[in-house]
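Written below as structure tokens is the structure these notes are about.
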Amino acid sequence: MKNMLEVFGKNYFSELQLKSRVPSSIFKEFKAVQRGEKELSISVAEVIANAAKNWATENGATHFTHWFQPLTELTAEKHESFISVSSDGNILSQFSGKELIKGEADSSSFPNGGLRSTFEARGYTAWDISSPMFLRGPEKAKTLFIPTALVGFHGETLDKKVPLLRSINSVTKEALRIKRALGDERTGKIDVTLGIEQEYFLIEKQFLEKREDLMFAGRTLFGSLPPKGQELSDHYYGALKEKVELFMAELDSELWQLGVMAKTKHNEVAPNQFELAVMYSSANVAADQNQLCMDMIKRVADRHGLAALLHEKPFDKVNGSGKHCNWSLSTDTGENLLEPENLNKGNLDFLIYLTAIIEAVDRYSDVLRVSTATSGNDHRLGGAEAPPAIISIFIGEPVQNLLENVDKLKMGKEKKESIELGTYNVPKIPRDSSDRNRTSPFAFTGNKFEYRMPGSSASPTTPVFIINTIVADVLREYADILEKIENKDDITEEVKKLIKERYNQHKRIIFNGNGYDEAWVEEAEKRGLPNLSCTVEALPVYKKESTVELFERNGVLNREELNSIFVIYTERYNKQLKIETTTAIRMARNEIYPAIMRYMNNIATSIKNIQLALGPDYENYLDGDRKHLLKVINGKDHLRNSLRELEKDFTEAMSIKDQYERAKYYHYHVVPRLKHLREWVDVLEHLCEKSLWPFPVYEDLLFKL
């Protein structure tokens with residue numbers, strides 16, 4: 001493989017590339033548009049489009065595509081050739097400013113939740129000027145990918161990018177107002193920064209192709225743990241297997257070429273589970289790059305004879321996979337607004353932004369919870385390093401002490417603590433301002449918040465635009481208060497007063513203990529914290545009047561758009577459960593049941609043959625065999641009965657017209673039937689002869705690579 005510095009950015013149309021290919025006046029105007037100071041003119045778009053086309057074709061591109069993120073958790077693309085024909089019949093390579101700015105898509109064919117009818121098909125893709133273009137595809141047939149937003153004919157949002165961009169505008173505007181109220185005139189712009197950790201499993205591709213549940217549902221609907229699972233913790237941070245190293249090396253190379261700063265890779269806790277982390281960048285770019293990461297993980301795995309599983313819980317009783325979103329705010333002067341060391345500089349910025357986030361999460365914990373409500377996450381939350389469904393914040397004792405005693409806080413330099421290991425061979429290491437808490441859904445981890453609830457297969461966009469919106473809402477209130485302070489000499493004491501008042505009102509959301517402890521459920525209820533334990537309990541939050549007011553007040557989503565999200569996500573839940581149920585029924589009826597019948601026949605035949613061979617002496621000799629056969633028969637009968645009950649409830653679910661009522665029926669009736677069926681299938685797996693079991697088992701999936 002080439003040196004990483006040689007390949008980095010090879011397929012990435014960076015600002016440096018643009019700057020080198022357009023006049024300086026055009027580049028300056030482009031930057032002004034990015035900052036929101038100007039609207040993009042068609043003349044500037046023409047120059048940029050030509051520069052992008054020339055760069056792309058020089059690097060092997062033949063087509064371009066508007067790349068967007070419909071409400072499917074995936075991405076979409078329609079490829080158009082650069083070739084055009086002039087009036088005299090000559091073939092030209094052309095790409096206009098109009099083609100760069102706007103494309104068209106059939107908006108009725110993507111999930112829209114009733115915002116568009118089938119006959120109202122026109123939708124528009126609009127260039128997102130803040131996210132860089134890039135190339136993908138084979139060397140001689142690459143395509144120029146242009147990140148875009150998808151909207152309907154009347155401007156209604158039909159994707160994930162529009163609410164994200166709107167929420168970024170809202171929270172950064174209010175955060176800057178706080179800065180100004182505190183006397184900072186140097187900061188010109190504030191941005192939302194995001195660092196994403198992506199977890200996933202790898203298995204041999206041949207095993208995926210032999211399991212319908214993995215192919216269709218993305219997770220194992222049947223399967224029990226082998227004698228060894230993850231209990232020895234020997235996989236976590238363990239040495240990488242050679243096959244995995246080669247896969248990861250190619251994955252890094254592919255991502256680096258796209259300008260994605262893949263930084264960290266390692267073995268995760270569960271066998272055959274891994275993690276990829278990308279360096280921090282602007283939230284919009286980070287969300288786009290995470291979509292690229294997920295797609296590239298699957299593509300590169302396929303080249304190596306592997307299959308990547310991005311489902312939140314592909315295997316029962318081992319760790320699920322999350323997508324940890326590390327969120328913060330930073331300025332164009334290089335300041336992280338959530339850096340505790342800012343206190344040493346004589347200002348209270350850190351504490352006021354921290355307090356606003358605490359208040360936002362407390363007031364809108366149900367809205368934050370619904371951002372991660374999916375059928376896949378229902379299997380993951382609440383154990384094995386996944387946080388519980390109850391939203392709380394971990395900030396650690398040192399930071400909590402600052403907030404508890406803010407009125408006594410003395411500004412100025414404080415010596416940072418260090419850890420001594422008692423040997424001169426190892427230097428002292430600085431201690432962070434807080435510990436980490438793996439059971440906390442929303443944890444302060446030193447200079448950022450880590451939202452651990454999002455599932456591995458989901459787009460990070462939804463949780464991030466919701467974090468942005470709820471924080472913006474509280475920052476607006478704080479800015480209104482601070483801007484009314486007439487005597488700026490009193491600003492420090494007024495800020496302390498505001499922090500103390502709001503912290504005391506909302507500190508119930510802070511929990512630094514073990515989120516898995518049963519006592520926490522009772523304690524959370526005493527504190528009045530909602531426990532939306534599953535998707536069907538969380539989804540109605542999108543329709544609450546307070547939720548509608550929140551998003552409309554911040555200019556992120558209107559009532560109709562929120563209702564469409566509720567409809568889309570409810571339908572998606574139902575479709576996923578339909579796929580899982582029909583797959584489980586097919587596997588149980590067409591694969592597992594026949595295998596058990598063959599095994600029973602084999603045992604019965606063996607018993608009969610032994611009876612014939614031994615004559616009257618067979619009784620004691622066959623006692624164990626007959627008991628085993630009876631266990632298998634008992635399991636087979638339970639399997640048959642469970643299957644019958646599942647089919648009955650599934651038929652009932654499909655008869656329910658209202659989508660939300662159907663979702664509730666799925667959750668409260670069909671899902672328990674699926675679990676019961678699984679229990680008996682897993683019992684039979686251990687009883688059955690392995691060579692007769694119809695598909696690869698957990699030993700194959702988790703320990704062979």
Please tell me if the side chains of Q289 and S281 come closer than 4.5 Å, counting only heavy atoms from C-beta onward. yes
Side chain to side chain contact (heavy atoms under 4.5 Å, CB included) between L557 and F465: does it pass, once the steps are laid out? CA-CA 10 Å; L557 292 166; F465 86 65; 3.9 Å; yes
List the residues meeting side-chain contact (heavy atoms from CB on, under 4.5 Å) with Y12, not counting sequence neighbours, and say none if there are none. S14, P132
T651 versus K648, side-chain donor and acceptor atoms under 3.5 Å: no
With salt bridge (charged side-chain N to carboxylate O under 4.0 Å, His left out) as the criterion, how do R363 and E477 come out once you've worked through the C-alpha distance, each side chain's angles and the decisive distance to 0.1 Å? CA-CA 13 Å; R363 279 167 56 178; E477 293 181 12; 2.9 Å; yes
Work out which heavy atom in T439 is nearest to a heavy atom in G515; give both atom names and the distance. OG1-N, 2.8 Å
Is E77 salt-bridged to R136, cutoff N-O under 4.0 Å? no
Just wondering, do Y451 and T372 contact through their side chains at under 4.5 Å, heavy atoms? yes
Are F145 and H79 an aromatic pair, judged by ring center distance below 6.0 Å? yes
Report the C-alpha distance between S440 and R452 in whole Å, list the side-chain angles of each, state the deciding distance to 0.1 Å, and finish with yes or no for side chain to side chain contact (heavy atoms under 4.5 Å, CB included). CA-CA 7 Å; S440 175; R452 297 179 60 85; 5.7 Å; no
Should the ring pair F82 and F95 be called parallel, tilted or perpendicular, given that the plane angle runs from 0 to 90° and is split at 30 and 60? perpendicular
List the steps and the verdict of salt bridge (charged side-chain N to carboxylate O under 4.0 Å, His left out) for R35 and D332. CA-CA 11 Å; R35 293 191 296 269; D332 56 356; over 6 Å; no
Could you check whether the rings of W520 and F511 sit parallel, tilted or perpendicular, using 30° and 60° as the cut-offs? parallel
Any sub-3.5 Å donor-acceptor pair from Y364's side-chain atoms to T469's backbone N or O? no
Heavy atoms only: give me the nearest A538-V370 pair and the separation to one decimal. O-CG2, 3.2 Å
Non-hydrogen atoms of V556 and P163 that approach each other most closely: CG1-O, 3.6 Å
Would you check, one step at a time, whether the test side chain to side chain contact (heavy atoms under 4.5 Å, CB included) holds for D295 with T75? CA-CA 9 Å; D295 185 55; T75 58; 6.0 Å; no
Using 4.0 Å as the upper bound for N to carboxylate O, is an ion pair formed by E545 and R559? yes
For the residue pair C325 and P460, what are the closest heavy atoms and their distance? SG-CB, 4.0 Å
Ignoring hydrogens and angles, state whether a donor on the side chain of S282 or D191 is under 3.5 Å from an acceptor on the partner side chain. yes
How long is the span from the CG atom in L309 to the OG atom in S456, to the nearest 0.5 Å? 9.5 Å
For A217, is there any backbone N or O sitting under 3.5 Å from a side-chain donor or acceptor partner on E580? no
Any side-chain to backbone donor/acceptor pair from Q69 onto D159? Under 3.5 Å, distance only. no
Lys NZ or Arg CZ of R572 over Y569 ring: under 6.0 Å, within 45°: yes
Side chains of K160 and T462: donor-acceptor distance under 3.5 Å anywhere? yes
Should C293 and L255 count as side-chain neighbours, where that means a heavy-atom distance under 4.5 Å? yes
Over all atoms of both residues, closest heavy-atom pair of V536 and K664: CG1-N, 4.1 Å
So Y666 and F650, would you call those rings parallel, tilted or perpendicular, with 30° and 60° as cut-offs? tilted
Atom OH of Y668: over 12 foreign heavy atoms under 6.0 Å: yes
Looking at side-chain heavy atoms only, is the closest gap between K543 and N563 below 4.5 Å? yes
Which value, rounded to the nearest 0.5 Å, describes the distance between L74 atom CG and F110 atom CZ? 10.5 Å
With no hydrogens and no angle check, is any side-chain donor or acceptor of E312 less than 3.5 Å from a backbone partner on S457? yes
So that I can tick it off, tell me whether D480 and R177 are bridged by a salt bridge, with the cut-off set at under 4.0 angstrom between side-chain N and carboxylate O. yes
Looking at N377 and R380, would you say the former's side chain and the latter's main chain have a donor-acceptor pair under 3.5 Å? no
Around atom CD of E37, are there more than 12 heavy atoms from other residues, nucleotides or ligands closer than 6.0 Å? yes
Would you mind reporting whether F566 and V541 have side-chain heavy atoms less than 4.5 Å apart? no
Correct closest heavy-atom pair for Y660 and P540 would be OH-CG, 3.3 Å
Is any side-chain heavy atom of V151 closer than 4.5 Å to one of F68? no
Determine the sole option in L674, T581, T583 for which the side chain to side chain contact (heavy atoms under 4.5 Å, CB included) test with L221 is passed. T583
Using modelled atom types only, decide if a donor and an acceptor are shared between the side chain of R369 and the backbone of L532 within a distance under 3.5 Å. yes
Would you indicate whether the side-chain heavy atoms of V278 and N290 approach each other to under 4.5 Å? no
I'd like to know if the side chain of R527 reaches the main chain of I510, judged simply by a donor and an acceptor atom lying under 3.5 Å from each other, with no hydrogens or angles considered. yes
Looking only at side-chain N and O atoms, does T148 offer a donor or acceptor that is under 3.5 Å from a partner on H66? no
With distance as the sole criterion, is a donor-acceptor pair present between the side chains of N531 and S533 under 3.5 Å? no
Would you say E104 has more than 12 foreign heavy atoms packed within less than 6.0 Å of its CD? yes
Does M296 form a side chain to side chain contact (heavy atoms under 4.5 Å, CB included) with L258? I'd like the steps, not just the answer. CA-CA 11 Å; M296 197 59 74; L258 292 168; 3.8 Å; yes
For the atom pair OG (S167) and CG (D473), what is the distance rounded to the nearest 0.5 Å? 12.5 Å
Assess, by modelled atom type and distance only, whether the side chains of T535 and D378 contain a donor and an acceptor separated by less than 3.5 Å. yes
Does S170 reach the main-chain N or O of R166 with its side chain, forming a donor-acceptor pair under 3.5 Å? no
Rounded to the nearest 0.5 Å, what separates atom CZ in F394 from atom CD in E450? 11.0 Å
Looking at CG of N336 and CG of D349, how far apart are the two atoms once the value is rounded to the nearest 0.5 Å? 11.5 Å
4.5 Å side-chain heavy-atom contact, L194 and N326: no
Test your reading of the model: is there a side-chain donor-acceptor pair from S328 to the backbone of K448, 3.5 Å cut-off? no
CD on E29 to OG on S43, rounded to 0.5 Å: 6.5 Å
Donor-acceptor pair, N574 side chain versus Q659 backbone, under 3.5 Å? yes
